[in-house]
Amino acid sequence: GGRMAFKKVQAPLEPDMGELRSPDDPGSRPQHKHDVLDSKIWNSQGSGQDAHKQLEPGDLVDDCGAGVDPGSVGALSLAPAWPRTVQRRRYGDSSFRISRSDIDSMMEKAPMTEEHNAVAPMESLCSIESETKSSHPRFMLDPNCSMRVAFDVASLFVLLYDLIGLPVIMAWEIHLTGYLQVLSILTTVFWILDLVLNFRTGYYYQGRLVMNPRPVAWHYLRTWFVLDFLVLVCNVANFLVAQVEEGGTSGMETLKLLRFAKVGRLLRVAGLLRIARIIDVLERFEDRRLSERAHTASEVINLMLCVIFVNHFIACIWYTIGRTAPADTDLRWLHSHIGADSNLSYEDVSMPYQYWTSFHWSFTQMTPGSMQVHATNSFERSFTVFCLILGMVFFSSIVSALSSKTAEFRKAKQDKTQKLRTLQKFLESRNISTPLAVAVQKQVKERMEPRRLLTVLDVPLLGMLSEKLLLRLRYEMCRKYLTHPLLRWWEEVDPAGIKLLCSQAIDFVALDVGDLLFSPSSKAEAAHIVTAGRLKYSEDEQALQVSETDLNEHYIEKGDWICEAALWTCWTHVGSAEALVTSEVMSVNVQKLEEVLQGRRAVSYVLQAYATVFHERILTAKPPRKSWPTDYEVPCTGFSEILPFLPIPAREIIAVIALRQTRFTRIWQGEYDQLTEEVKEGKCAVMLNETGQVERIEVVPSLRLRRPDDKILVQLGVMDGGTMRVRCKLPGRCMIEGEAGHQAMQ
């Protein structure tokens, strides 16, 4: 429902100070590294003597309490052979300080709609243009939504029934009884529903999705409505005529209905033209789901199905002519005998035999084949001539299309074979060993198959789009992967800026099996998120200067970030990322990110503060208390772990969106005001997590007392009215802004 998640985060910045304090300074105050912790810090020297060192604001402190030169802190925090000292990235003007009026202004401008629910997914929390789904009028369908696509697929099966069954029913005058009556009712109801849904389904005009009910209705009235309505009326009329025939009604009324039914059946045949819309849906599905080779094969299959349907239709017409057309010779092809030694005519045989004979005859008009059935009157002869002319044009076109597709297959195969022969000659001329040559050829064969995902650079036609539409396209491609809470916050307060980020600073990189996304000791220029496939990250022994047994491997799945440190620091890779399957990653280029942030002072201020704390966490990541920072993970750098240590103005700006969401959850106005005041006073931080829920975060310094026998002091429960309720936790309490560590411990 509208609940808020409450999270308490243990202060991670200075976990070692509690064991190194002097007796007169027992507390530890979690805060920023650039703050002076206290006036005196206990310093353990190798000589065993006690020493105190006075620190000034801006001094850094290592794990042993000694002052550290900021220029050499990388050498102390990281491995001795670290490629270079990690430096913090700087976004915007470092001298900029946000004011209270700026924060209040952002509070007023923050989006405030009931659609922004605190428990809604990310898609419903984004401020987007009026054409997008969040602003669609009620009961309007996107033509590409799952419901409409499913209905179109169902339409395909209904149309197939009409294409196959309707000509047969009309030619053989089959009565609609039994299951045919049920199918007739279902198809009529289906097309009534289709007529209604078409009035509520949007359409595209010059690349823009139109979802306004009035233009949608007018567009449908000008296109398919007349034909759909006539076909629907004819369907209903045919059903009523069938009921009249079954009831035995006679007279002039029945004659009029029968005449209308004949016209209605002809109009219903014209309704088969609606298959053009289904063909368009199938083409879009093939373009998205099928490979290039499978798409070519599907085109060949479609051509063959087209030939079969045309001959099916001609076969039904040929039988109708033989049964009902005028005969100037008093002969019909149905009167012909099925064999020279048989007295049985085609008129006396079963319906399946009549159909397959007609179907055979229709194919002989399209191909050079022949059969014993031939025209016996002028009407049949004229139709035969017409079919021969149609077959000459139609069959030649089909043969030409099939020949071109076959030639494409053959040419592609020849090109592939020629390239492989050239590669084999090269390997032989260079005297490459057999195992390596086989491995090279195998990998080349696998990569010659077009299985990787297409990027924007692979589609030249995208260059024809307008700048506005291309911006929307790239934003739609990137938006679902911007799961980082800070980027989602940016999207809320500055939608134009995040769209510019998607357009200018984000690229998609396709990787084949075995490709490296980055290698050790190379400069990190982007942070990455896996959008498809799977990667394996391996730490490098030389970069980290650790033993091989201490190296770790991690598997990066779809939706996972890797090398986030590149966004906040001048990072150097300490491992390699290899694609295990055909994969794709979305890369956020840090240099282009800096260009996008030009002029966006409030966003730059927050990102600068976030980068400062993230950089501090990298400097303090050191065994044995913590693991070394890597491309895969930097200890204590989760968003909820960094947020409480940002400056109060930055926390207030981030809390703007979250506080707005709380107005639509089930809390009282007094609670909302209290939460707002707590954020302003620095007592807590408020954020939207990755699932769109509101979280309230407090810093909780805790005390861990351990005896020589490794037993620790922990609270197991509390007494409540003579009964104990389980509450297992370490001694500690929430700490407010500006409070010293020993004060919190007392």
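Counting begins at 1 with the first residue of the sequence. Worth saying up front: this structure is predicted, and the values here are computed from it rather than measured.
Between Leu597 and Ser604 the shortest heavy-atom distance is O-OG, 3.2 Å. Arg651 and Val679 make their closest contact through O-CG1, 4.3 Å (heavy atoms, listed as atom of the first residue, atom of the second, distance). Taking each heavy atom of Leu567 and Val588 in turn, the nearest pair found is CD2-CG1, 4.0 Å. The shortest heavy-atom contact between Val596 and Gly497 is CG1-O, 3.9 Å. In this structure, Pro731 and Leu713 approach most closely via the heavy-atom pair CD-O, 3.8 Å. Residues Leu643 and Val686 approach most closely at CD2-O, 4.0 Å, considering heavy atoms.
In this structure, Met586 CE and Lys480 NZ are separated by 10.5 Å, a value rounded to the nearest 0.5 Å. Of the inter-residue distances, the one linking Glu652 atom CD with Glu681 atom CD reads 10.0 Å to the nearest 0.5 angstrom. Interatomic distance, CD of Glu539 versus CG of Asn552, reported as 4.5 Å (0.5 Å rounding). Interatomic distance, CH2 of Trp490 versus CG of Leu607, reported as 6.5 Å (0.5 Å rounding). Rounding to the nearest 0.5 Å places CZ of Arg601 at 13.0 Å from CD of Gln608. Within the model, atoms CZ of Arg704 and CD1 of Ile712 stand 4.5 Å from one another, a figure rounded to the nearest 0.5 Å.
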- Dump the intermediate steps for side chain to side chain contact (heavy atoms under 4.5 Å, CB included) on Trp628 and Val574, then the final yes or no. CA-CA 10 Å; Trp628 292 110; Val574 294; over 6 Å; no

- Item | Full working for salt bridge (charged side-chain N to carboxylate O under 4.0 Å, His left out) between Arg474 and Asp507 | CA-CA 9 Å; Arg474 293 188 65 94; Asp507 294 312; 3.8 Å; yes

- Message: One pair to check against salt bridge (charged side-chain N to carboxylate O under 4.0 Å, His left out): Glu641 and Arg617. What are the steps and the verdict?
- Response: CA-CA 10 Å; Glu641 296 174 299; Arg617 301 296 169 86; 5.7 Å; no

- Item | side chain to side chain contact (heavy atoms under 4.5 Å, CB included) assessment of Cys684 paired with Leu675 | CA-CA 9 Å; Cys684 68; Leu675 184 61; 4.2 Å; yes

- Message: Would Leu535 and Val530 count as a side chain to side chain contact (heavy atoms under 4.5 Å, CB included) here? Give the steps.
- Response: CA-CA 8 Å; Leu535 278 66; Val530 179; 4.1 Å; yes

- Test log, rule salt bridge (charged side-chain N to carboxylate O under 4.0 Å, His left out), inputs Arg696 and Glu698: CA-CA 7 Å; Arg696 179 180 183 272; Glu698 292 182 345; 2.8 Å; yes

- Message: side chain to side chain contact (heavy atoms under 4.5 Å, CB included), that's the test. Do Val585 and Ile556 meet it? Break it down for me.
- Response: CA-CA 11 Å; Val585 297; Ile556 317 299; over 6 Å; no

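Looking only at side-chain heavy atoms (C-beta outward), His573 and Cys563 come within less than 4.5 Å of each other. No side-chain heavy atom of Leu482 sits less than 4.5 Å from a side-chain heavy atom of Ile529. Inter-residue side-chain proximity for Leu703 and Leu705 is flagged as met; some heavy-atom pair is nearer than 4.5 Å. Using a 4.5 Å cut-off on side-chain heavy atoms (C-beta onward), Trp489 and Val606 make contact. With contacts defined as side-chain heavy-atom distances shorter than 4.5 Å, the pair Leu500/Arg600 qualifies. Side-chain contact between Trp568 and Ile618 is absent, with no heavy-atom pair separated by less than 4.5 Å. The shortest side-chain heavy-atom distance between Cys728 and Val714 falls under the 4.5 Å cut-off. Proximity of Gln715 to Arg727: side-chain heavy atoms (C-beta onward) are separated by under 4.5 Å at one or more points.
Remark: the backbone N or O of Thr612 is not paired with any side-chain donor or acceptor of Arg88 at under 3.5 angstrom. The main-chain N or O of Val581 is found under 3.5 Å from a side-chain atom of Ser583 such that the two form a donor-acceptor pair. In this structure, the side chain of Trp561 does not engage the main chain of Thr483 through any donor-acceptor pair within 3.5 Å. For the pair Thr620 (side chain) and Glu616 (backbone), a donor-acceptor distance under 3.5 Å is present. Judged purely by atom type and a 3.5 angstrom limit, Asp631 has no side-chain atom pairing as donor or acceptor with the backbone of Ser576.
Defined by atom type and a distance below 3.5 Å, a donor-acceptor pair is present between the side-chain atoms of His484 and Glu564.
Between Tyr632 and Tyr537, the two ring planes are parallel [angle under 30°; tilted spans 30° to 60°]. Note on ring orientation: taking the six-membered ring where Trp is involved, the planes of Phe508 and Tyr481 are perpendicular (angle over 60°, cut-offs 30° and 60°).
The salt bridge (Lys or Arg N to Asp or Glu O under 4.0 Å) test with Arg534 is passed by exactly one of Glu584, Glu557, Glu578: Glu557.
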